[in-house]
There are 2 protein chains.
Amino acid sequence: MSSPKTFQGYLQDKGLKSTHQRDDIVSYFLQKSKHFTVKELYREVQNIDPKIGYATVHRTLKLLVDAGLATECRFSGGITRFESVKEGEHHDHLVCLKCGKIIEFENDKIEQLQIKVAKEHNFTLADHKCVLYGYCSGCRE
Amino acid sequence: MSSPKTFQGYLQDKGLKSTHQRDDIVSYFLQKSKHFTVKELYREVQNIDPKIGYATVHRTLKLLVDAGLATECRFSGGITRFESVKEGEHHDHLVCLKCGKIIEFENDKIEQLQIKVAKEHNFTLADHKCVLYGYCSGCRE
DNA sequence: TTTGATATTGATATTCATTATCATTTGTTA
DNA sequence: TAACAAATGATAATGAATATCAATATCAAA
């Protein structure tokens, strides 16, 4: 819930331990800027250390979310994807319904309007997700 | 995928059959304007006809989506909710993270900006979902 | 260092929503 | 009404997310 800058800082704040599994998973995840499913990250991390278990990958991703270093995205099909978050940054997504391509976009005007809408309904805004579904130039019929 | 005005019309267009189960489920669903999970609708429809099965409720909701008379919403927790759609109308949602209250809102400016964003990225927009998470006036700490 | 309390790991089991299967029943058309 | 195709409902299968638990690793304090 807090937002320290590093995963190590988060572990310390929470009294959690630093392990080589966590280090491997986190550094690989943060280095690649991809929208990982647990399974995808698990498979790729296997190349670094084949002994790392699926559950550990899943748990570590949850820790990253709690640390404010990742967010969960559910675009369609009920599969959760995790993406890394840069300090103070927010973006939304365009998703191609055919090829699955994911494009990130930022739009301050939309953000401002969302804040306004929340205010009008007497809501304290905590988070917001905006997903546009469509067809990319390559997949258009 | 097409958008006829009635469920009966949809069934005819698709060569599907009209059954009393479908009638019961659809008329109950459309009459209540709620964000139903399959389980919730199943339980409530049991009061009308206890013989209706879970699978039929699920299948009928999927038909309603295909008919353009309902949409699926996934707010959090991986549970799919279905809500009825009025002709030519679109709205987005404000969700309270504490009590789960769901408020619908419409904002043309946001819609217009979304269309613009899609165009800028050379996307043909098919659908869009915007969810604001926060705390309603009653749940604010 | 070594110890000991405590957290973590990894294999596996469990949960739960969604979807598929299939024998039986029902609706529709000729 | 008969014949065929589709729908139903019970149940099984699927698959992602989470829980369990014995074995192991981490880290602060002695």
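To find a chain, count down the sequence lines: A is the first, B the second, and so on, and within it residues start at 1. Fair warning: this is a prediction, and the values are worked out from it, not measured in the lab.
- Donor-acceptor pairing under 3.5 Å is recorded for the side chains of A:H91 and A:E83.
- Across the protein-nucleic acid pair, A:I79 atom CD1 and D:dT14 atom C1' stand 13 Å apart, rounded to whole Å.
- For the pair A:I110 and B:K109, the minimum side-chain heavy-atom distance is 4.5 Å or more.
- With the nearest nucleotide of DNA chain C identified for both A:Y42 and A:L63, A:L63 has the one nearer the 5' end.
- Put simply, CG on B:D92 and SG on B:C73 are 9.5 Å apart, with the number rounded to the nearest 0.5 Å.
- Residue contacts shown for B:T37 are absent, as no nucleic acid heavy atom lies under 4.0 Å away.
- Residues from residues 17-31 of chain B lying near DNA chain C, meaning a heavy-atom separation below 4.0 Å, are B:K17, B:S18 in numerical order.
- No side-chain heavy atom of A:K14 sits less than 4.5 Å from a side-chain heavy atom of A:L63.
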B:H35 and B:E104: CA distance, side-chain angles, deciding distance, side-chain hydrogen bond (donor to acceptor under 3.5 Å, both in side chains) verdict: CA-CA 11 Å; B:H35 298 79; B:E104 300 172 357; 3.3 Å; yes
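- To the nearest 0.5 Å, the span separating CG on B:L113 from SG on A:C130 amounts to 10.0 Å.
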Does the pair B:F36 and B:F29 meet the rule for a ring pair (Phe, Tyr, Trp, His ring centres under 6.0 Å), with working shown? CA-CA 8 Å; B:F36 282 103; B:F29 174 78; 5.8 Å; yes
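- As a whole-Å value, the separation of A:R81 CZ from D:dA16 C1' is 13 Å.
- Rounded to an integer number of Å, the gap from CD1 of A:I52 to C1' of D:dT24 is 15 Å.
- Between B:F82 and B:L16, the residue anchored nearer the 5' end of DNA chain C, judged by the nucleotide with its closest heavy atom, is B:F82.
- One finds no salt bridge joining B:K39 and B:E44 here, because no Lys/Arg side-chain nitrogen approaches an Asp/Glu carboxylate oxygen to under 4.0 Å.
- Helix-axis bend for the helix from C:dT1-D:dA30 to C:dA30-D:dT1: the local axis fitted to the five terminal pairs at one end deviates from that at the other end by 30°, rounded to 10°.
- The OH atom of A:Y54 sits 7 Å away from the P atom of D:dA16 (whole-angstrom rounding).
- Side-chain N/O atoms of A:H58 include one lying less than 4.0 angstrom from OP1 or OP2 on D:dT18.
- Rounded to whole Å, atom P of D:dA16 lies 11 Å from atom CD of A:E40.
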Could you give me the CA-CA distance, side-chain angles and deciding distance for A:H128 and A:Q114, then say whether side-chain hydrogen bond (donor to acceptor under 3.5 Å, both in side chains) is met? CA-CA 8 Å; A:H128 50 110; A:Q114 288 174 339; 2.5 Å; yes
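- Reading DNA chain C from its 5' end, the first and the last nucleotide to sit under 4.0 Å from a heavy atom of chain B are C:dA17 to C:dT28.
- If you check the side chains of A:R140 and B:T124, you find a donor sitting under 3.5 Å from an acceptor.
- Relative ring orientation between A:Y54 and A:Y42 is described as perpendicular, the plane-to-plane angle rising above 60° on a 0-90° scale split at 30° and 60°.
- The OH-C1' distance, from B:Y10 to D:dA6, rounds to 13 Å in whole Å.
- For B:K51 and D:dG9, the shortest distance from a side-chain N or O to OP1 or OP2 is not below 4.0 Å.
- For B:D66 and D:dA7, the CG to P distance is 12 Å, given to the nearest whole Å.
- Classification of the A:F7-A:Y10 ring pair by plane angle, with boundaries at 30° and 60°, yields parallel.
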